[in-house]
Visitor: 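Below are the structure tokens for one structure; questions will follow.
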Amino acid sequence: MNPIEEEIIRLTAELNRHNYNYYMLDAPVISDYEFDQLLRHLQELEKAHPEFMQPDSPTQRVGGTVTKRFETVKHVYPMLSLGNTYSEGELLEFDNRIRTLLNADIEYVCELKYDGLAISIQYEHGVMKRAVTRGDGTQGDDVTANVRTIATVPLRLQGDDYPDFFEVRGEILMTFARFEALNREREEIGEPPFANPRNAASGTLKLQESAEVARRGLDFRPYYLMGENLPYPTHYDSLLHLKQWGFRSGDVLQKAANIHEVIDFMHLWDQKRQELNFPIDGIVIKVNSYALQQQLGMTAKNPRWAIAYKFKAEKQSTKLLSIDYQVGRTGIVTPVANLSPVPLAGTIVKRATLHNADVMAALDIREGDHLFVEKGGEIIPKIVGVDLSKRLPDAQPVQFVTRCPECGAELVRNEDEAGTFCPNELHCPPQIKGRLEHFIGRKAMNLDSLGEGKIEMLYENGLVKNIADFYSLTFDQLLGIEKKFAAEEGKAERVVSFREKTVQNILSGIHESLSVPFERVLFAIGIRYVGETTAKKLARHFQNIDRLSSATKEELMEVNDVGDRVADSIIDYFNNPENLEIIIRLRNAGLQFELSEEAAPVSDVLAGKSIVVSGVFTISRDEIKQMVEQYGGKNVSSISKNTSYVLAGEKMGPEKKKKAESLGIPIISETEFYQMIGKE
Ligand code: IVH
């Protein structure tokens, strides 16, 4: 054998052993530095001799691939989901059903119900080959490159008693510590935080860059084996044995001789879940014997041999310290309770939303009350009631603020709306930032070289106060502007500043936005109630901004879907001289205020036809929908008896297909659609 190949094989095995010692046994035998040296050495050898790279190379753990679009693949064995229950009674029924069907006492296996996302990992001759998300159960996304970065997914199995081909099913999850670190980081750079570790895990798994997936440190817990010739006849022994092959398995796994032992396990973990460093939302019970599982089979959706018991949301009582009123990007004012810190479902809760004045009134909150906080699936806690036993006799009701805490304007509340809002749209700081953010959004001007964090910096430095200001920015103004992030828990103060490259990106992005078509510009300028679709319709109808801005209410209401409220809002917008000035500046800067040729109506062959577009096409779905409209048709989102056609691309959801068929709605392909509109 070539000596380099030999060296690569040796290094691969050695590094994998160190990884195992580190992640699985928590007992590293070399320093991180030594590990990095070895890894770097292997990387260099692989780079020079890619032909010798091993399928289980640890260099894949650090990522480096970029997946543009995940390939859809069919599952070898369908991925089922479990029936759920919240009640002990239903657990007893589950047990009764099984014992009646099998006419015997049954041994169960109790497991945790991990709160992440399901994955199926295929192994061929002991080597990890492919990882596929659950998708619709029949087919999912191939996320192999991303799953390879997960340290607790072995790339080559240990031992030699595994079947030639089998799948390990399990959950990809994120620990609380990783989740919180990730959210802190995101907040610093102005990205919205993830609501809970599950969302964070699933968002991470679908990233295109595997290096970023690697950095975020996902975790994997197996919970089922699929395949022929499995070495053990029971689920319990199989899961335990996964440990020998190199998985993190069996930490919490218990056999139960009867349903009462299952219920004990459930109570135990309802309490003990506080101690876990990853999220669970219940327990799962499975019949232990594979033969019996087979005999029980499945119902229409779920296996009969397993069930999930979901924990009820955790609840705590804690003291209300004060209430903040947060002004959102759209001017809505949300009351947020500051609470005496209390541990709840793995995190310390200090704040919880009170939603709006109605909710506050319904809860009848008084100064100094103790409140019940609850955490369900979401990490953001909810106030569900007042602990009346702790209320002081003379406690005063809490009053909702009357002035905007950000700009001092008198707050407004419409009769039939729950929200209280600040009407000072153009001069209230969070609303200004909200408009700026809306403007740069993907469906608006798509200025992706800017983001929430950068907007904040531009605004704070007085460089951008309205959307027209983007187009007067200069290189010199932008270079070097900075933002300080205060020091916190073990982190030093940090300063972020715009460097040359950033500035160039921003300016070229702004320049490119000059070609964004009129309908999106119209959406971007942020007329209240004018969403993406309405903007499109208005653009088609009026063709340019001059006709739109001088239209009467009646003329506006001629447009499909434009009612009273929208028409009034458009008129208000163009009556405001500050808005007119912004439009003039944007127009002078070169933005599109006229419908382009491509978007203009072409023919009316589809006039009167309602079309549902579903699935993946050779061009983007938005482009397909644009064509539907250009040819006089109407896009609708759900199938009903009034639908004329369902235009189906690849991967159309099976539910939609069923529905169309049952209503007898014709399903047409992309090619048939082009024929219909007379396009090649
Ligand atoms: S068994 C047929 N076991 O819960 C076997 N699922 O609908 C099907 N889950 O999204 C799954 N922990 O990803 C099983 N110990 C566990 C689990 C578990 C979490 C998830 C699974 C799926 C849902 C079940």
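Indexing begins at 1, ligand by ligand and atom by atom, following the structure's order.
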Visitor: Show me which atoms of ligand 1 lie under 4.0 Å from any heavy atom of P303.
Guide: 2 (C)
Visitor: Would one find an N or O of Y114, backbone or side chain, under 3.5 Å from an N or O of ligand 1?
Guide: yes
Visitor: Could you check whether Y224 and W305 have their ring centres less than 6.0 Å apart?
Guide: yes
Visitor: Using a 4.0 Å heavy-atom cut-off, which part of Y77 comes near ligand 1: side chain, backbone, both, or neither?
Guide: neither
Visitor: Nearest heavy-atom pair of K656 and S614: which atoms, and what distance?
Guide: CD-OG, 3.5 Å
Visitor: Which option wins on minimum heavy-atom distance to atom 7 (O) of ligand 1: I283, L82, L173?
Guide: L82
Visitor: Which ligand 1 atoms does L80 reach within 4.0 Å, using its non-hydrogen atoms?
Guide: 8 (C)
Visitor: Considering only protein heavy atoms, which is closest to atom 10 (O) of ligand 1, and at what distance to one decimal place?
Guide: A118 CB, 4.1 Å
Visitor: Hey, is D115 touching ligand 1 through its side chain, its backbone, both or neither, going by heavy atoms under 4.0 Å?
Guide: neither
Visitor: Could you check, using the six-membered ring where one of them is a Trp, whether F278 and F220 have ring centers closer than 6.0 angstrom?
Guide: no
Visitor: E111 heavy atoms, cut-off 4.0 Å: which ligand 1 atoms fall inside?
Guide: 3 (N), 15 (N), 16 (C)
Visitor: If the plane angle is over 60° it's perpendicular, under 30° parallel, otherwise tilted; pick one for W269 and F265.
Guide: tilted
Visitor: Is D219 salt-bridged to R221, cutoff N-O under 4.0 Å?
Guide: yes
Visitor: Would you mind listing which atoms of ligand 1 come within a distance below 4.0 Å of any non-hydrogen atom of S81?
Guide: 7 (O)
Visitor: Can you find an N/O atom of V284 closer than 3.5 Å to an N/O atom of ligand 1?
Guide: no
Visitor: Are S210 and N146 close enough that a side-chain donor and a side-chain acceptor fall under 3.5 Å?
Guide: no
Visitor: Decide, yes or no, whether a salt bridge links K659 with E661 under the criterion of side-chain N to carboxylate O below 4.0 Å.
Guide: no
Visitor: Measuring from the heavy atoms of N302, does anything fall under 4.0 Å of ligand 1?
Guide: no
Visitor: Would E212 and R216 pass as an ion pair if we require N to O under 4.0 Å?
Guide: yes
Visitor: Ring-plane angle category for F166 and Y123, please: parallel below 30°, perpendicular beyond 60°, tilted otherwise.
Guide: parallel
Visitor: Do me a favour and list the nearest non-hydrogen protein atom to atom 11 (C) of ligand 1 with residue, atom name and distance?
Guide: Y223 CE1, 3.5 Å
Visitor: Return the option from K310, E171, K113, K286 holding the heavy atom at the smallest distance from atom 3 (N) of ligand 1.
Guide: K286
